Amino acid sequence: MSKIVLYQVFPRLFDNHNTTRKVSGTLRENGCGKFSSFSDEVLERIHRMGFTHIWYMGVIRHATTTDYSAYGIPNQHPEIVKGKAGSPYAIVDYYDVDPDLADNPDKRMEEWEALIKRTHRVGMKVIMDFVPNHVAREYHSICKPAGVRDLGEDDDTSKNFSQHNNFYYCWGQPLDLSQVQSTYPVDSSAQPYIEIPAKATGNNCFTACPSEKDWYETIKLNYGIDYCNPAGRSIHFNPIPDTWEKMTQILLFWANTGIDGFRCDMAEMVPDSFWSYATKIVKTRYPNLVFIGEVYDPNRYRTYIAAGFDYLYDKVGMYDTMRAIIRNERPASDITVQWQNRNDISGNMLYFLENHDEQRIASDFFCGDSEKAVPAVIVGALLQRNPFMVYSGQEFGEEGMDEEGYSSRDGRTTIFDYWSPSTLTHAYESHCDLTAQFKQLSISYCNIFHTATHEKSISDGEMFDLMYMNPTSDHFDSRRQFAFLRKYKDEVLFIVVNFSSTRVNISVKIPGHAFDYLGLPQKRVTATDLLSGDIYVMNLSRDKNYPMMIEPYNGRVYKFNLKMDDRGFALNEHHKDEFPPAHTAEHLLNQLMMRKFGCERSDNAHIERRKSKISYLIDHEPSRKEVKEIEDEMNRLIQADMMVSYEFVDRDHIPAEVKLDRLPKEAHEMIRLVRIDNYDVCPCLGKHVRSTSQIGRFVLLGTNWDAMKHSFRIRFKVIP
């Protein structure tokens, strides 16, 4: 099974080109992202970032102040809606789709199902929310299938609790919102919201008078636990409560649309007995469907995994630890403590550094600089086999410092209002609007995620933590550095990160125990840093120290193969100090000429910092128009900001488009490939930029045509 790298995205905010950004603005004023924003091209770009799954948040129809009555959709009372757009977790119809996200609200379900198919077509799987604990106060399904009884439709409202009821009631008491009147629109002509008897509030508030801090816009669902009995809490699971059956049918309804899994909101507020019941039924019909649970109590992790959850948030654990390390409040060595605490369920823990509930890394409330978290991303994505999640905008350094409306300036991106985060306005259409810093961050994330998803040592391999043999010393700071090994068969990754603000020259010991545990031989190998492309010749030996330099807030992911003999990688070595921008431009130009003229890659090139020359054998002398097209297309490819990545393959697994006929006979069986997105792949040991935009501008200085040899020579330079 490949490593899961999950992209959480809130479609309401994604690719919204309206930049009005009015505080508490309406849909008409501030605009809204759409399902159609996720075109094939956008989804392909997201997938190329290294994401395997995408969690579309807020798909099911929820309470909002926007009027959709023209489409037969009931309006909700504004007094019980948070923000203008409303919380995506205040569901008003479990069988419907948010009309905000549709180009044609009448076709909203069809548009959602089309997005599922587009996402699958580019190679990603679809996760959607399931909100089991609470619904909006005015819940009423207009789209439920024939024969389905609505939630609360058959409740006996004269009882505080009944196992046959779907809700809890404060019998004889009207809902009192006096503690939350600050949210009521004073200039509205609407009458106050009336609810008699009051229903219990979603966050287990069983009084008729919820406070401003309560989830007052929601009502608690009843799964057969009597919270209201003066004698104490009691459980009533036999016969099966009505809510269990209704919610399981809702899960089956959405599973039938072709999705691949559910992220279950506040799963721990719903009894684990229900999850055992529901997941068994759903997985019997859809065995590959995954359940991701929002569970915060570590003491209950194993209970919910046993109840059918594939993955659980590791918030109270790895997230809290990583946040503190990034902020220099705890030592990096505490990472060891956290993974060891969960070692028996490590594959079930979902690591993350951001989600819609947490503060943005770049916010003033977290650490104020997205670069500081890069080492944590490396560790989170590569330490274990378990999934890693990114919240959209994180990969571009979204700061979350806007004051959007209902949610104040709190370091989070709003889930209650219509908005357009600056990093996501055009991010997956063009990187041109991003600063150089944000572009560099996205390149770092891309390289990390490509390593996570392409390396078998990450998805299937063993891990060995090196921290116990590397305490703080003159050559290693266990507070600010972290080191570990990953291995699968003959492939090994040696991973070291630096959480400090300074470049460090450190030395990391690999103990004899690691050689025994992982089956490492003592021999000479040549390693390549998968993040930078740097080469490192290592003499593997028990209990030896390995020196290395690491940039601030960065890391090394050195890969080597144990099949390698003392010759190392004897292929395409240039034996000179290369100029990476020009060398990467050479790869682009080779592919462009092959596509345009049907020729082979050049074997006659002189790539230099000041001026480069390269020749191709083609069937005709290019016209002036064709020459101009070469220069224009090169600059277009450069501006496309394609990612450069590295991988190792043996000769038996070379991609079909890669030819090895030019390699020297003594070249090793293991080949290093350099990829430029899906545009080009070539065996090479040279140094490269990390994305094509770092090449700069391609300037064609002149050309020569040798009619006898049919050789076309190009002279060019790049201006970074």
Side-chain angles (χ1 to χ4, degrees), residues 5 7-8 13 296 313-339 350-383 388-404 407-415 421-424 427 434-449 472 477-483 495-504 506 531 550-556:
V5 183
Y7 190 58
Q8 178 193 358
L13 304 179
Y296 293 113
Y313 276 35
D314 197 355
K315 196 277 181 189
V316 183
M318 193 59 80
Y319 169 83
D320 287 345
T321 298
M322 288 289 201
R323 177 183 169 110
I325 293 169
I326 294 166
R327 291 161 57 90
N328 200 16
E329 297 168 348
R330 290 172 65 174
S333 55
D334 277 4
I335 295 169
T336 301
V337 177
Q338 290 306 319
W339 74 256
L350 173 68
Y351 289 168
F352 61 90
L353 294 171
E354 284 189 3
N355 64 41
H356 66 280
D357 288 319
E358 308 300 338
Q359 291 167 331
R360 293 286 191 173
I361 295 165
S363 74
D364 296 345
F365 300 89
F366 194 138
C367 70
D369 183 354
S370 53
E371 292 287 342
K372 292 182 179 180
V374 169
V377 176
I378 295 172
V379 175
L382 306 184
L383 180 66
F388 184 76
M389 181 174 73
V390 170
Y391 186 31
S392 59
Q394 176 185 340
E395 72 275 35
F396 301 120
E398 174 58 40
E399 297 177 351
M401 291 300 293
D402 295 331
E403 186 173 358
E404 304 99 336
S407 56
S408 59
R409 185 177 287 109
D410 59 0
R412 299 175 178 84
T413 300
T414 181
I415 65 170
S422 58
T423 53
L424 292 174
L434 297 174
T435 67
Q437 179 186 2
F438 290 167
K439 286 182 183 179
Q440 187 63 37
L441 181 69
S442 70
I443 294 166
S444 296
Y445 273 57
C446 182
N447 286 334
I448 295 165
F449 299 154
T472 295
D477 181 1
S478 62
R479 182 176 182 86
R480 305 308 290 153
Q481 281 94 52
F482 189 81
I495 303 170
V496 187
V497 301
N498 175 27
F499 285 94
S500 77
S501 59
T502 59
R503 176 188 295 175
V504 294
I506 62 173
L531 304 184
I550 310 180
E551 296 291 339
Y553 307 127
N554 215 315
R556 296 285 194 179

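Everything numeric here is computed off the predicted structure, so don't read it as measured data.
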Checklist line | Check: Glu551 main-chain N/O paired with Asn498 side-chain donor or acceptor under 3.5 Å | finding: yes
Next item on the list: To the nearest 0.5 Å, tell me how far Phe438 CZ sits from Ser422 OG.
Entry: 7.0 Å
Item checked: Distance, nearest 0.5 Å, that separates CZ of Arg480 from OG of Ser501 -> 8.0 Å
Next item on the list: Kindly determine whether Asn554 and Arg503 satisfy side-chain hydrogen bond (donor to acceptor under 3.5 Å, both in side chains), including the steps that lead there.
Entry: CA-CA 9 Å; Asn554 215 315; Arg503 176 188 295 175; over 6 Å; no
Notebook entry, point to check: To the nearest 0.5 Å, how far apart are CD in Glu399 and CZ in Phe366?
Noted result: 14.0 Å
Next item on the list: Please name the pair of heavy atoms, one in Leu441 and one in Gly397, separated by the smallest distance, quoted to 0.1 Å.
Entry: CD2-N, 3.3 Å
Note to self: Test your reading of the model: is there a side-chain donor-acceptor pair from Asp369 to the backbone of Glu371, 3.5 Å cut-off?
What the structure shows: yes
Checklist line | Donor on one side chain, acceptor on other, Glu395 and Tyr7, under 3.5 Å | finding: yes
Item checked: Distance in Å, Thr321 OG1 paired with Arg330 CZ, rounded so as to fall on 0.5 Å steps -> 3.5 Å
Margin query: One pair to check against side chain to side chain contact (heavy atoms under 4.5 Å, CB included): Val390 and Phe449. What are the steps and the verdict?
Written below: CA-CA 10 Å; Val390 170; Phe449 299 154; 3.4 Å; yes
Item checked: Side-chain (Gln481) to main-chain (Asp477) donor-acceptor, under 3.5 angstrom -> yes
Check: Which residues pass the ring pair (Phe, Tyr, Trp, His ring centres under 6.0 Å) test with Tyr313, sequence neighbours left out?
Finding: Phe352
Next item on the list: Check the pair Asn328, Phe499 against side chain to side chain contact (heavy atoms under 4.5 Å, CB included), reporting the backbone distance first and the verdict last.
Entry: CA-CA 8 Å; Asn328 200 16; Phe499 285 94; over 6 Å; no
Checklist line | Heavy-atom pair of closest approach, residues His356 and Ile415 | finding: CB-CG2, 3.9 Å
Checklist line | Positive for side chain to side chain contact (heavy atoms under 4.5 Å, CB included) with Ile378, one of Asn447, Val496, Leu383, Leu531 | finding: Leu531
Next item on the list: Check side-chain contact (heavy atoms from CB on, under 4.5 Å) between Asp410 and all other residues, then give those that pass, not counting sequence neighbours.
Entry: Ser407, Ser408, Arg412
Note to self: Under 3.5 Å, is there a donor on one side chain and an acceptor on the other for Thr413 and Arg360?
What the structure shows: yes
Check: Measuring from Ile325:CD1 to Phe482:CZ, what's the distance to the nearest 0.5 Å?
Finding: 8.0 Å
Next item on the list: Could you grab the distance from atom CG of Asp314 to atom CE of Met389, nearest 0.5 Å is fine?
Entry: 11.5 Å
Note to self: So which atom in Trp339 and which in Tyr351 form the shortest heavy-atom distance, rounded to 0.1 Å?
What the structure shows: CB-OH, 4.3 Å
Checklist line | Donor on one side chain, acceptor on other, Tyr391 and Glu398, under 3.5 Å | finding: no
